[in-house]
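Order of the sequence lines sets the chain letters (A, B, ...), proteins ahead of strands, with each chain counted from 1.
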Amino acid sequence: MRSLAGGVVAMLLLLAARPGSAGLRTGAPARPLPDPAAVLRTMLRAPALIDYEGTKVISTVRGRTAETVTMLEAYKRLGKLRLEFLSPESVSGRLVVDDGATSWQYEPSMHLVVSGPSFISGSGRPDRADEILRGYGVRILGREEVIGRETVVLGLAAGRAGSHRRVWIDEATGVPLRTEERDARGEIVFVSYFSRIGYSLNLPPALFQFRQPAGARAVGFHVTGDPVASRSELLARARPPLSVPPLLLGRYHFREGRIAHHGAFSAAVATYSDWISVLTVFQTPSSRMAFPEVGDPVTAGGRSARFLDLGYFRVILWQHGGTNYAVLGNVPGTVLLQAAGEVSAARPR
Amino acid sequence: MTHAAVSQRLSAYLDRELDRSERTAVDAHLATCAVCRRDLAELGRVKTLLGALPDLEPPAAVFAGARARLERPAGMVGPAAEWLRSAFRRPAVAAAAALLAVLLIAVPMAKGRIDRLQAANVGVEVYIREHALLSVTDPFADPAYLGLLISDANVALVGQRRTPEEGR
């Protein structure tokens, strides 16, 4: 605990010593760029050390639609988050509070509270830097000033998997201040940036405690189905037989499975990971679910499929042999189509 | 009104049981949704089929006779079977039984179809939500964007899908 507090104090001293860093840089000899591993370790350590609150702007291109969402984001170590949505009007007033174990969402237009599992990882994992360096082409592209803070620009190359990203990491704190993702043509499809940020030694815990508004309707959407850690167990639990290859795209390994339920809907879920990003495969008997006519028509594994672009996540849906399949991931569309083809080819005969 | 919400209201729409605002919303959705138009047409055909069946009441004597036989001591399987046989020889009882059989088949079929349509509607949201929750382990995943995706999916799962608005 003492080392954690020491780390926080050291970070804050660094912050205090770096006001208007751009001004200090003028005329000063250029400092050598840091090592990618060191930058990654600072970024991966940050969730365990840094509290912050700021205004974040997220712009996504979803197919033919672009949307910009603005919100107040507050983070408290180790894994507590509060989001207050400001615009556009369709999300204005929405509140999301995550205390690291449970998340709550208040939807004012419906006077509704939805609770569910936490979606925040608050543990500092600097050891994962090596995994990232092994799996991705990581480069330091330079230094840039973002909202008055000196950042190191990290470039992640899209290889066989993964996506083209640039991340502007606050050199002093390790907090990503800006993230960009580009498609195969080099066009930006996702941008997330802070237009203002303030760091704190200790944000008030009350900010991260949810108080249910009087009279609000409450609904719980928790993850259903016990997870299984092996393919054989998932295959044994599911009817009809599933397509669960042990490996996708040569690097995404099967990690866990589950049978998920929501009302009449149920699906076998298989999660794959390259230890950095995640691909998820869903399989539902067609007798239980009409085929969702969403997204644009594409061909996956020689079959008619639908492609839904959420800007950051992408979805491929197709139907074959009495099963509805869906593959999701934050990889380029062409790579996701390839993963869908591999799932389709592994279908039991 | 979402696709799932309209699917649930098609039968009531057909029976003119919706209030004006709901009916207007369903009309607007039907103008753009071929799947719902097809389902409405199918429901209309089932209704027409059921409506074409004769609306006959079994004679009171049938129930009086049945009650008298039911009140007899147990162990009268033979006479009960004989009563059933004689009852089905009467056209009114046969028509009522046929109607019951049609209902027993049509209602679960219609319900199963509505369940499948609802599952299609929520399925994509369940996929997005589950995938976003699993993406917590991605060190480059933006927590605010995960929060937006999950909260949008939650809203859709309670039947109020949010339509993204054009950016600035």
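- Contact annotation for A:S103: neither backbone nor side-chain heavy atoms come within less than 4.5 Å of a heavy atom of chain B.
- Interface check for chain B: of the options A:I132, A:D98, A:L40, A:L279, the most heavy-atom pairs under 4.5 Å are formed by A:I132.
- Using a 4.5 Å cut-off between heavy atoms, A:S109 makes no contact with chain B at all.
- In terms of heavy atoms, A:R128 sits closest to B:T137 at NH1-O, 2.7 Å.
- Using a 4.5 Å heavy-atom cutoff, the side chains of A:N330 and B:S135 are not in contact.
- Between chain A and the residues B:V126, B:L157, B:V158, the most heavy-atom pairs under 4.5 angstrom are made by B:L157.
- Note: B:H131 NE2 to A:T271 OG1 = 9.0 Å, rounded to the nearest 0.5 Å.
- Not a single salt bridge (charged side-chain N to carboxylate O under 4.0 Å, His left out) links A:E256 to another residue, sequence neighbours left out.
- Note that the CZ atom of B:R129 and the CZ atom of A:F119 stand 10.5 Å from one another [nearest 0.5 Å].
- Note that CD1 of B:I128 and CG of A:L310 are 4.5 Å apart. Values are rounded to the nearest 0.5 Å.
- Contact annotation for A:Y75: neither backbone nor side-chain heavy atoms come within less than 4.5 Å of a heavy atom of chain B.
- With sequence neighbours excluded, the residues that form a salt bridge (charged side-chain N to carboxylate O under 4.0 Å, His left out) with A:E293 are A:R306.
- Only the side chain of A:L81 comes within less than 4.5 Å of a heavy atom in chain B; its backbone stays farther off.
- You'll find the side chain of A:R94 reaches within 4.5 Å of the side chain of B:V155, heavy atoms only.
- The minimum heavy-atom distance between B:N154 and A:Q105, with the atom names listed, is ND2-OE1, 2.9 Å.
- A salt bridge is absent between A:R125 and B:D138; no separation between the charged side-chain nitrogens and carboxylate oxygens falls under 4.0 Å.
- Between A:I120 and B:V136 the shortest side-chain heavy-atom distance does not fall below 4.5 Å.
- Listed by sequence position, B:P139, B:F140, B:A141, B:D142, B:P143, B:A144, B:Y145, B:L146, B:G147, B:L148, B:L149, B:I150, B:S151, B:D152 are the residues of residues 139-152 of chain B in contact with chain A, using a 4.5 angstrom heavy-atom cutoff.
- Shown here are the salt bridge (charged side-chain N to carboxylate O under 4.0 Å, His left out) partners of B:R9, two or more places apart in sequence or in another chain: B:E22.
- Classified by interplanar angle (parallel below 30°, tilted 30° to 60°, perpendicular above 60°), the ring pair A:F282/B:Y127 is tilted.
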